[in-house]
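Worksheet: one structure, shown below.
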There are 2 protein chains.
Amino acid sequence: MDAAEFRRRGKEMVDFVADYLENIEHRRVYPDVEPGYLRSMIPSEAPLEPESYEDVLKDVDRVIMPGAASPACTELETVMLDWLGKMLQLPEDFLAGTKGQGGGVIQGTASEATLMALLAARCKAVKCVHESDPQRSEADIISKLIAYTSEEAHSSVERAGLIGGVGIRMVATDEHFSVRAETLEKMVAEDKAAGFIPFFFCATLGTTPSCAFDKITELGPLCNAENIWMHIDAAYAGSSFICPEFRPLLDGVEFADSFNFNPHKWLLVNFDCSAMWVKKRTDLIGAFKLDPVYLKYDNQESGLVTDYRHWGIPLGRRFRSLKLWFVFRMYGQSGLQAYIRKHVELAKVFETMVKKDKRFEICAEVVLGLVCFRLKGSDELNEALLKEMTHLGRIHLVPCKLRGRFVLRFAVCGRTTELRHVQEAWTHITELQHAASREFHTMW
Amino acid sequence: MDAAEFRRRGKEMVDFVADYLENIEHRRVYPDVEPGYLRSMIPSEAPLEPESYEDVLKDVDRVIMPGAASPACTELETVMLDWLGKMLQLPEDFLAGTKGQGGGVIQGTASEATLMALLAARCKAVKCVHESDPQRSEADIISKLIAYTSEEAHSSVERAGLIGGVGIRMVATDEHFSVRAETLEKMVAEDKAAGFIPFFFCATLGTTPSCAFDKITELGPLCNAENIWMHIDAAYAGSSFICPEFRPLLDGVEFADSFNFNPHKWLLVNFDCSAMWVKKRTDLIGAFKLDPVYLKYDNQESGLVTDYRHWGIPLGRRFRSLKLWFVFRMYGQSGLQAYIRKHVELAKVFETMVKKDKRFEICAEVVLGLVCFRLKGSDELNEALLKEMTHLGRIHLVPCKLRGRFVLRFAVCGRTTELRHVQEAWTHITELQHAASREFHTMW
């Protein structure tokens, strides 16, 4: 949608809202639909090619308005997470369908998804230990639980451990910054020998520092054998799995108990929208289900209703699935794939330019849209370069540390990023390098 | 703003967004402002009278655009929570100001605010016990922690206890459904004698079932003396405290460690926006602060910067303070007070009509916009009446149980609710009562 169409459509939408509010008294306050009404009214998969905005808007009238905010909000979410799951070729186990035990939910952020997974795993582990040893107190069991994640994992995983009140250990990575089964296996054996209870492993596909991938094809069987809940955090990289050529990066997901990525990061959906799937929804729901009278309603136990208040921390929820519905249909699967591919190609262009320049080095394999690079030389030199970049405000890079070294991260992630932007960015960086290097040598 | 103005302003806003996106390449990618730049650019209090939309929009250009998404998003939030805190006459301790130790934050929902308060209290209690008894393990301390809340409190409080892995006890209420200090004091004494550690009390101002108010003027001193963190959940009722005549309901807040209410419930702000204040931000931050390199930035330790990622579960955050800024200025404090007063008056009108009809009874004191009532007679009779109401879809009531009895709740909370709506609702209810009563007696 170009700016001209955005202006036109945006203004139509303002009228749509005003018309709705002006005529609201003619509507029922409570919808008159049967539970599960929505699924049969729309296709079971996202369209391959883009649809017209008119068609989407017609469906808002036809599909959403009769179901009002509730249950349309909930039912569209369940179906959209099925659409997205199919786009990623997630195993059937993760889909809700009409009879599935799994399903998807929109969380606000990956931090919340990780926390919910850890809490569900904690509850499951406590129950499991309790069954074999009924004398043992819940507090004693929790005090022995150990979670694991990569030393390269996002800080929110450690934070989830703090919130959940369980121990968390960081697993060392191999030369590609990936966690390997061998390493985790040793830690699990050590901990079990010391009387601890390994219960949760958060794998990362696409780490924040360098977009590294834990070897979940090895780790999954280990976790399954050890009765460890495997959660996969693919916050950034997950969007790419809609492309067949990147889908192998997700191989091993069949061993996971839960999986999460952020369409708001790289799938053209506005913040916030973090998609999470579980294989057994009862694991998630069982952990925190409370049913006071003021939250009871008809059909609650019918099996046709997904009750998302048991799936996350907040009780109230926004109608975030509309964003997914609009984006999937306006772009089509092909349009979204093209968007991902373009970014990866632009990252490769940037990588090639860095590689050709002997003053710089690449610091991690470039798999998707992230290029980790640095000036050959000291951290201070690289820090000075970044500082000057930030000061001038033409491009914005977020750094990281890899094996203790200060590294620059060039991320292609803007909706409107073109080849010329990447080329201009590289020219800008090399020009600054001259200046920074001169200044640095004067200073030191 | 009427529908005609909404149409005009909405369309201007669409153009504003399109213009911004069309010219985005001429802007810096990173703002060039000093930390704390925003506070001095706007007044220190919300306006008493409404301002014009033009003036607000001019300030978006003048105040927000130079600070872009960050730091404007954070800084406006801090100042808006100070504005709102002053509207509620919160004690100075809860305000951030430029040197305060407290301050406010926008959470998504009251459930999240309660959870954060409980987690901060847990962390503080563990540290405190650990200091006097360094041998004791964290797990052992946590296993002895006990939280308290009213038997009438929202289910999210119990849920926070489950998530935090601590014991939670429900405190019985008096004849007004209020928790009294005497009752809590006994429970605390019992629990201490049994070796437990009372550490958290969640008081409710305006309970979900009947809008009852715990006696925080009594409970506050008790909690302070017992080193129990007192959190106040005023999710619904909190908005009313902007009116001087309702502010006494908040007396005792000076004893609290944290306080929360939902402007999205009753202050004309769209979901989600739950305002939370703490007296000592270090209590909240201390619990979960983690600082990886990719989240570091200049001025991090300067004291001028509020780092909200340590204040809640999510890391990413939306620009929710804009909603507050627009609403405060478009309505003015006087307009918001008038809105609250109107709803309370309409609830009183409904209460009067119920009281005049001998077939019905009022079930709890009507303090704000909620009327708890029922048909004199069996629960089944009232359930039949509600079922018919929901079926017809003209009005929507959410029931509750009070002292085991099924009670209907009439809540005045719509932006456009007028006297005639309340009168029509009552006529509708009484007409249905005839029918339901007839049908019920036939059935039974």
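In what follows, every chain begins at residue 1, and chains take the letters A, B, ... in the order their sequences are listed. Values below: all heavy atoms of this structure, side chains included; hydrogens, waters and symmetry mates excluded.
Between chain B and the residues A:M13, A:E112, A:R318, the largest count of heavy-atom pairs under 4.5 Å involves A:R318. If you tally non-hydrogen atom pairs under 4.5 Å between each of B:T109, B:V14, B:I24 and chain A, the highest count goes to B:V14. Most heavy-atom pairs under 4.5 Å with chain A: of the set B:S111, B:P314, B:C123, this distinction falls to B:P314. Each of B:D32, B:L392, B:I142 has some count of heavy-atom pairs under 4.5 Å with chain A, and the biggest count is that of B:L392. Contacts with chain B were tallied for A:P31, A:A18, A:G165, A:S143; A:A18 has the most, counting heavy-atom pairs under 4.5 Å. Ranked by non-hydrogen atom pairs under 4.5 Å with chain B, the options A:A160, A:G108, A:G312, A:G164 are led by A:G312. When the candidates B:H264, B:R122, B:H391 are compared by the number of heavy-atom contacts under 4.5 Å with chain A, B:R122 comes out ahead. Ranked by heavy-atom pairs under 4.5 Å with chain A, the list B:G393, B:S274, B:A4 is led by B:G393. No other option in B:E12, B:K144, B:H421 has as many heavy-atom pairs under 4.5 Å with chain A as B:H421.
Looking at heavy atoms from C-beta onward, B:F6 lies out of side-chain contact with A:L21 at the 4.5 angstrom threshold.
By the neighbour-count criterion of 12 heavy atoms within 6.0 Å, atom OH of B:Y20 is sparsely surrounded, having that number or fewer from other residues, nucleotides or ligands. The environment of A:E383 atom CD is dense: over 12 non-hydrogen atoms of other residues, nucleotides or ligands sit within 6.0 angstrom.
Residue pairs that meet the salt bridge (charged side-chain N to carboxylate O under 4.0 Å, His left out) test with at least one member in residues 18-29 of chain A, sequence neighbours left out, are A:D19-B:R7, A:E22-B:R7, A:E25-B:R420.
A salt bridge is absent between B:D272 and A:R317: the closest approach of a Lys/Arg side-chain nitrogen to an acidic carboxylate oxygen does not fall below 4.0 angstrom.
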Checklist entry - What's the verdict on side-chain contact (heavy atoms from CB on, under 4.5 Å) for A:I395 and B:Y30, showing C-alpha distance, side-chain angles and the deciding distance? => result CA-CA 8 Å; A:I395 63 175; B:Y30 201 75; over 6 Å; no

Item to check | Test log, rule side-chain contact (heavy atoms from CB on, under 4.5 Å), inputs A:I163 and B:I313 | outcome: CA-CA 9 Å; A:I163 292 171; B:I313 307 284; 3.7 Å; yes

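Nearest heavy atoms, A:R309 versus B:R159: O-NH2, 3.2 Å. B:F271 and A:G316 get closest at one heavy-atom pair: CZ-C, 3.3 Å.
For B:L115, the part lying under 4.5 angstrom from a heavy atom of chain A is the side chain only.
The salt bridge (charged side-chain N to carboxylate O under 4.0 Å, His left out) check on A:E418 picks up A:K342, with sequence neighbours excluded.
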